[in-house]
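Just below is one structure, and these are the notes that go with it.
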2 protein chains.
Amino acid sequence: MSNDRPAARGDLVPSAVLGLLGTRGPTSRADIARTLDISPATVTQVTKLLISRGLVTELDHAPSQGGRPARLLGLVERQVGAIGAKVTANHVAIVDVGLDGTVRSSTSHPFNPDAPDALDALGHILGSAVDDHAGTLLGVGVGIPGSVDSQASGVVDAPTLGWTDAQVGPVLRRALGVPVLVENDVNTLAVADRLYGEGRDHSTYLVVTIGRGIGCGIVVDGALYRGAAGGAGEIGHVPLTLDGPLCGCGSRGCLEAHIGEDALVRTALERGVIGPRGTVAGLRQAAEAGDPAAREIYREAGERLGSALAGVVHTIDPEIVIILGEGIDAWQHWEPGFEASFRGHLVPSRRGLPFVIEAWDEFNWALGAASLVLASPFDSTGATGDQGELVRARLHTSVEATS
Amino acid sequence: MSNDRPAARGDLVPSAVLGLLGTRGPTSRADIARTLDISPATVTQVTKLLISRGLVTELDHAPSQGGRPARLLGLVERQVGAIGAKVTANHVAIVDVGLDGTVRSSTSHPFNPDAPDALDALGHILGSAVDDHAGTLLGVGVGIPGSVDSQASGVVDAPTLGWTDAQVGPVLRRALGVPVLVENDVNTLAVADRLYGEGRDHSTYLVVTIGRGIGCGIVVDGALYRGAAGGAGEIGHVPLTLDGPLCGCGSRGCLEAHIGEDALVRTALERGVIGPRGTVAGLRQAAEAGDPAAREIYREAGERLGSALAGVVHTIDPEIVIILGEGIDAWQHWEPGFEASFRGHLVPSRRGLPFVIEAWDEFNWALGAASLVLASPFDSTGATGDQGELVRARLHTSVEATS
DNA sequence: TCCCGTTAGTTTGCTCCTAAATAAAGGTGT
DNA sequence: ACACCTTTATTTAGGAGCAAACTAACGGGA
């Protein structure tokens, strides 16, 4: 039980203002007040402080909106950024991004999570990225395909990597000496969408990924929803059938066991669409070439996804559903099955629920992880814990030194 | 987008303290601070104010816990309470409860929601309950089997009552002249559980009802989760099968269409367990008497419920699941199918998730509705809106007059 | 032209709550 | 007995943000 009061925030408002200017570009005081939902008086005070500290400057006047024209405020240009990494079963993708989310560099590194010293190896890979970073580094975000106890602690259970109770956060913090935030990979995408995607215009939404697994990030009132133990949104293991195919989790009939990549490949093999060494790429090519059996596999998968997502929508009641992931490039084949099933299984009042398909490439995962760090100034829920505090502190002091 | 700041709170803390003392009984200052997550200093100040106003008194010392013994604080006894009502398709159940949740009276009234003046009739029924109330009435809570736009506004869509866009809140407020909070009936149970049930010890949980329909209330971090449009937790319409029985909502294969009361009765009829005019009570008697076909119907229903709840658990990640409702008296027949299916469809790390079955009688629904009002002093999320403010104001001033 | 409505930003005086230091009142080990 | 710990409660000083009232700067209509 905890009747959450506002709780001790350090100087969250200044950080949020800096973060906003960093991600949205020049903004007027009035706009800041509206966007962050704080009073104009507070904005005046905070910006006065930030200007006196040399972090922020007044820019041009914006054209009048019918009244006094706004004076835009902008961040004093500095080299401030974050590093994001996505860990997979065979490699680590890393991006270096600026405050506004622009990717400055992206690299990919082979990685073996089964090795006994896997975490140290990960520390080395990230260490060189940290060394390569020019300017002030706010922190490192790490996306993991598994469940994470909390972003700030960073202890991980990831069956697909073979990790149980892996001390990702502690080890990396010791190795890197900068704030490290660890989160489930799908959740990082949800956070990224809030900063740069559809989430800017919606406060309660689902981010659904299709690919090897099926995942779901849940954002409620602008904040990531993690559940009691950080395991919310595990929709890959929602049961679709009482006795279906065996899933990697040990249960039967999980969504993932029906429409995950492995399941699609298995079905395609059974139906002779691809050969014994065929892959999901082969299945997609067959569908692209017009093979009806291949298309039927995707249609069925879309149908199943639609029905499962309808269930999730009934549970969560979001404003919008965002679908992306490495499997998205075959979406045109999913869609015929999906839309009818999704809408058909929704109650009438929610049948018009919008969903959007977002473009995708490998490094979206890593960018998502980086946005964990970039979003931490907005963190009003305390999800980022002490590491978030550290990021805020670095955002502040980064420029005091050089002023 | 709204990066929710604490936002304008009236004097929320004094109200929360009063509410806490009302629902939990005598409590020490230190305990109040811990429970409400506010600083001891604030508690000292607030209690000083409340004592000077004659609302609160110091009571005995509690036995020492190894340090200075706590001095308990208690509410000055007054006649303060709330009225709760549950609206069904053929009657309205009403209870009158005290601050501590004790039921002072309970009545049941015939009601026809299809009548053109149904809302006025409801106003009259509740009006006499309000008139009968002795002492200060904090407000009226109304539980409705349908979706409610917001507690404070109280506009209702309730298919089972035949109501669309029904102005329940506005009409009742005009008729009664006291604060009126309207909420989905299952959600009221979730709120009640937070005050008086399992929810005192858990901050994130599901309250699942079985009966005519299947419902789910979601409490996250101690606050009711309503979703973007107040429709969260509609698990009755989670699709179980792609092409199953037709549901009242127009879709096929909904959970409710499989295991709602009507579905159980239909299945029992099909299998010859009950006659053409048989009811769910008849089915239960048959199961009680040992009829294997009747027991199989319940077992299958339990199996389906278990698999659907496993899906919801994977989505929400609660600490505990609470099951109750008018169908609960047959639970012993659900259980064999339920537990195996529920646990069997959970991922290993969550397989030990606790669930509890709570006892049930008709007036639990109405008590739940009343606790909407009693819980509003705790409302830090603003879910109760202006009506919650009014309740708080009444809680304060109720005693100023008599002091 | 001059006044009004509108939007932007600032100043002032608060309220609420907190952290930190301190006091109060009991235990416990030697 | 004494020192020391723990838990409870209060005091003090002050931070953070707000509402309300103000100034500032523009457009437009009569």
Side-chain angles (χ1 to χ4, degrees), chain A residues 2-18 21 26-52 56-74 377 380 382 389 392 396, chain B residues 2-18 21 26-52 56-74 377 380 382 389 392 396:
Chain A
S2 74
N3 203 303
D4 327 56
R5 317 256 79 247
R9 63 209 145 278
D11 29 23
L12 209 150
V13 169
S15 300
V17 170
L18 286 175
L21 291 177
T27 314
S28 72
R29 282 170 248 247
D31 232 21
I32 293 173
R34 279 188 297 264
T35 309
L36 296 181
D37 201 9
I38 54 185
S39 76
T42 305
V43 175
T44 292
Q45 286 193 330
V46 167
T47 53
K48 193 186 291 177
L49 174 78
L50 293 176
I51 290 171
S52 79
V56 164
T57 38
E58 291 196 323
L59 305 173
D60 304 358
H61 287 265
S64 164
Q65 308 279 63
R68 170 173 173 177
R71 176 150 237 165
L72 298 177
L73 299 178
S380 60
E389 298 277 346
R392 285 199 273 282
H396 267 127
Chain B
S2 74
N3 204 304
D4 324 57
R5 318 256 80 248
R9 65 222 147 273
D11 31 23
L12 210 150
V13 169
S15 300
V17 170
L18 286 175
L21 292 176
T27 314
S28 73
R29 282 170 248 249
D31 230 22
I32 293 172
R34 278 189 298 263
T35 309
L36 297 181
D37 202 9
I38 54 184
S39 76
T42 306
V43 175
T44 292
Q45 286 194 329
V46 168
T47 53
K48 192 185 290 177
L49 173 78
L50 293 176
I51 290 172
S52 79
V56 164
T57 38
E58 291 196 323
L59 304 173
D60 305 359
H61 287 264
S64 164
Q65 310 276 61
R68 172 173 171 176
R71 175 151 239 164
L72 298 178
L73 299 178
S380 59
E389 298 278 347
R392 284 198 273 282
H396 266 128

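Residue numbers start from 1 in every chain, and the chains themselves are labelled A, B, ... in the order their sequence lines are given, proteins ahead of strands.
Comparing C/dT12, C/dC17, C/dG9 against the side chain of A/Gln45 picks out C/dT12 as the nearest. Which of D/dC26, C/dT7, D/dT7 sits closest to the side chain of A/Ser64 comes down to D/dC26. Considering only the side chain of B/Arg34, D/dT8 comes nearest among D/dT8, D/dT11, C/dC17. The B/Val13 side chain lies nearest to C/dC17 when the options are C/dT10, D/dG17, C/dC17.
In this structure, B/Ile38 places its CD1 atom 18 Å from C1' of D/dA16, rounding to the nearest Å. Rounded to an integer number of Å, the gap from CD of A/Glu58 to P of D/dA24 is 15 Å. Nucleotide C/dT12 holds its C1' atom 11 Å from the NZ atom of A/Lys48, rounded to whole Å. Between the CG atom of A/Leu36 and the P atom of D/dA16 there is a distance of 16 Å, rounded to whole Å. Atom P of nucleotide C/dT7 and atom CZ of A/Arg29 are separated by 19 Å, given to the nearest angstrom. Distance B/His61 NE2 to D/dT8 C1': 11 Å, rounded to the nearest Å. Summarising the geometry, the separation between CG on B/Leu49 and C1' on C/dC16 is reported as 13 Å, rounded to the nearest angstrom.
In this structure, OG1 on A/Thr57 lies 10.5 Å from CG on A/Leu72, to the nearest 0.5 angstrom.
Listed by residue number, A/Gly66, A/Gly67, A/Arg68, A/Pro69 are the residues of residues 66-74 of chain A with a heavy-atom contact under 4.0 Å to DNA chain D.
The minimum heavy-atom distance linking B/Pro69 with B/Ala62 is given by the pair CB-O, 3.2 Å. What you find for A/Ser64 and A/Gly67 is that their closest heavy atoms are OG-O, 2.5 Å. When every heavy atom of A/Ser52 is checked against every heavy atom of A/Leu49, the shortest pair comes out as OG-O, 2.7 Å.
For A/Thr47, the side-chain contact (heavy atoms from CB on, under 4.5 Å) criterion is met by A/Arg29, A/Val43, A/Leu73, not counting sequence neighbours.
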*Passes side chain to side chain contact (heavy atoms under 4.5 Å, CB included), A/Val56 versus A/Leu18? Steps please.*
CA-CA 8 Å; A/Val56 164; A/Leu18 286 175; 3.9 Å; yes

*Decide yes or no on side chain to side chain contact (heavy atoms under 4.5 Å, CB included) for A/Leu36 and A/Val13, but give the supporting numbers first.*
CA-CA 9 Å; A/Leu36 296 181; A/Val13 169; 5.7 Å; no

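B/Ala30 comes within 4.0 angstrom of sugar-phosphate atoms only, judged by non-hydrogen atoms across all strands, and of no base.
Distances shorter than 4.0 Å separate none of the side-chain N or O atoms of A/Thr42 from OP1 or OP2 on D/dG17.
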